[in-house]
Amino acid sequence: MAPKKVVLRFSADIADKPIIYRLVKDYDLIINILKANVNPQKEGTMVLEVIGDLYAAGLDYLRRQGVVVQDLTQEIVRNEDLCTDCGACTAICPTGALYLKRPSMEVQFDSDACVVCYLCLKACPVRAMEVRF
Amino acid sequence: MDKTYAEINAKIKEGKAVVVTAAELIELVAEKGLAQAAREVDVVTTGTFGPMCSSGVFLNFGHSAPRIKMHRLWLNNVPAYTGIAAVDAYLGATEVPEDDPLNSTYPGEFWYGGGHVIQDLVARKPIHLKATGYGTDCYPRRKIETTLTLDDINEAVLFNPRNAYQNYNCAVNLSNRTIYTYMGMLKPGLGNAHYSTSGQLSPLLKDPYFKTIGLGTRIFLGGGIGYVAWHGTQHLPFIQRDVNGNELGPSGGTLMVIGDLKQMDPRWLVGTSYLGYGATLSVGIGIPIPILNEEIARFAAAADEELYAPIVDYGEAYPNRLPGNLGYVSYAQLKSGKIMVNGKEVPTAPLSSYPRALEIANLLKEWIQKGKFLLAEPVQLLPPPSDQPTPAILK
Ligand code: SF4
Ligand code: SF4
């Protein structure tokens, strides 16, 4: 069985609960944390590689805790021809994957920090952020 | 040692004019002092690139055979206004197709509207035209459906009733739900703060008393050449002050601008969609400021540290038109990435592109240096700031 990649998103009220610990302890899953981020608003995002027999049950447990769980089969790309460097996405992106370079104020996209939350897709006024399958 | 428009234009024609961007002027003043900088510099270029809803284009398509008096008109399915002569129309930037779901699926996406049609026109893409008429003796035709490009029609004149807002609110959200506004997506509980001018590069922040900008001022508009036609709608300029009466830079001025769409460029007229709000057009504008005297240089050299935006709550105060604001914040603070509001640190982001604004200021500088762009002396200056701006209230 190959490990599966999932993205977890936490709101501020559950970001401090020991849910990953429970996944390992109660569901016997092997977990590799690929990315983890808590923004200043205390919203958390995490990209995991998960393997184990109780994979589905473990993910159900997360959902019951209020975690948004999503398969990571997609990648977000920025269409440089469309992007106007306006910056409107930079305070929306929860992980800082979209950020402003100072002092030039050019918008940078660090796809390694992207957790595929889709927020920028609709927030970008010129639809420069695209999904690649 | 004051200068005149004629003297500056003579230097431009000789290729000898000293032209700097507003950002460069700030550095020059810091380095050489105001008096020296004012003597040396002939023209300062400014720029802004951001969503400007009060924009649109007058079109004249030429007549069909037999003739039609267009009563209803759609361009790429977006309705345009036809309550003028037979084949004249006005397409507004925020118009959307009649079958757009709008905010019935909240927040609506507004994928395509008038601003996008304008960008497609300028990009020379084929545009689908459909028009109906009621039939008259002189205009018997009742329907036409065809495809055209910008080059096929008589005129396309960009005519924007309110552009280049002198200053703008820094928008925050004090409510407990995410809101979708023309200032972008605002997260609850002061989750983010959005602002929308290019600060020290922004045209009307650099001429707060309208000493040089007026009717007939030649400008960079949408990648081509345009003119200031009038003051913009809601032009109510004033000088902002804090509680102690200290000046916090200008606000409230606007421009009405006009120019031939056929010589513009889709890089500088970009169809734009604000989630939950609507469609609009991002417009690039650059204005040259002739340094006629030291006072004009001093205003043009105002830096981000001296220019302020009011912080306004879009959760409750703005939609309900409640007076007051949450304080003022400088553009230097806004550009730093975080500001303090009600004792909380709030991440900031712009909606207007500083890199594009700088590109415009540099393009305009190049045009002037190459003698391709002469300054036009306004036939009448715009109304200056008033002590008591009184916006009308619709009752
Ligand atoms: S999808 Fe967009 S908003 Fe979400 S993390 Fe990636 S870049 Fe940021
Ligand atoms: S919101 Fe869109 S256009 Fe603006 S900087 Fe981000 S990706 Fe680029």
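The basis for the numbers below is simple: all heavy atoms, side chains too, and nothing from hydrogens, waters or symmetry mates. Source: prediction; values computed, not measured. Chain A is the first sequence line, chain B the second, and so forth, proteins listed ahead of strands; every chain is numbered from 1.
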At a heavy-atom separation under 4.5 Å, does L100(A) approach chain B through its side chain, its backbone, both, or neither? side chain

So with a 6.0 Å cut-off around CZ of R132(A), is the heavy-atom count from everything else above 12? no

Mind listing the closest non-hydrogen atom pair of M185(B) and A123(A) along with its distance? CE-CB, 4.0 Å

Heavy-atom closest pair (N192(B) atom, A91(A) atom, distance to 0.1 Å) is CB-CB, 3.7 Å

How about CG on D28(A), more than 12 heavy atoms from neighbouring residues, nucleotides or ligands closer than 6.0 Å, or not? no

Heavy-atom closest pair (A349(B) atom, T90(A) atom, distance to 0.1 Å) is CB-OG1, 3.3 Å

Write down the atom of I92(A), the atom of K187(B), and the distance for their closest heavy-atom approach. O-NZ, 3.8 Å

Which of the residues P347(B), P350(B), S352(B) is involved in the greatest number of heavy-atom pairs with chain A at under 4.5 angstrom? P350(B)

Among P103(A), P125(A), A88(A), single out the residue with the greatest number of heavy-atom pairs under 4.5 Å to chain B. P125(A)

What part of S104(A) gets within 4.5 angstrom of chain B, counting heavy atoms only: side chain, backbone, both, or neither? backbone

Applying a strict 4.5 Å limit to non-hydrogen atoms, the region of Y180(B) in contact with chain A is neither

Relative to chain A, which segment of Y195(B) carries a heavy atom at a distance below 4.5 Å: side chain, backbone, both, or neither? side chain

Proximal component of S336(B), with respect to chain A [non-hydrogen, under 4.5 Å]: backbone

Between atom NZ of K122(A) and atom OG of S273(B), what is the distance when rounded to the nearest 0.5 Å? 12.5 Å

More than 12 heavy atoms from other groups under 6.0 Å of NZ on K42(A): no

K5(A) atom NZ, over 12 foreign heavy atoms within 6.0 Å: no

Examine whether an atom of K335(B) lies under 4.5 Å from a heavy atom of chain A, and if so say whether it belongs to the side chain, the backbone or both; otherwise answer neither. both

Under 4.5 Å from a heavy atom of chain A, the part of T272(B) involved: both

Just wondering, are more than 12 heavy atoms of other shown residues or ligands nearer than 6.0 Å to OH in Y106(B)? yes

Toward chain B, the part of C83(A) with a non-hydrogen atom under 4.5 Å: backbone

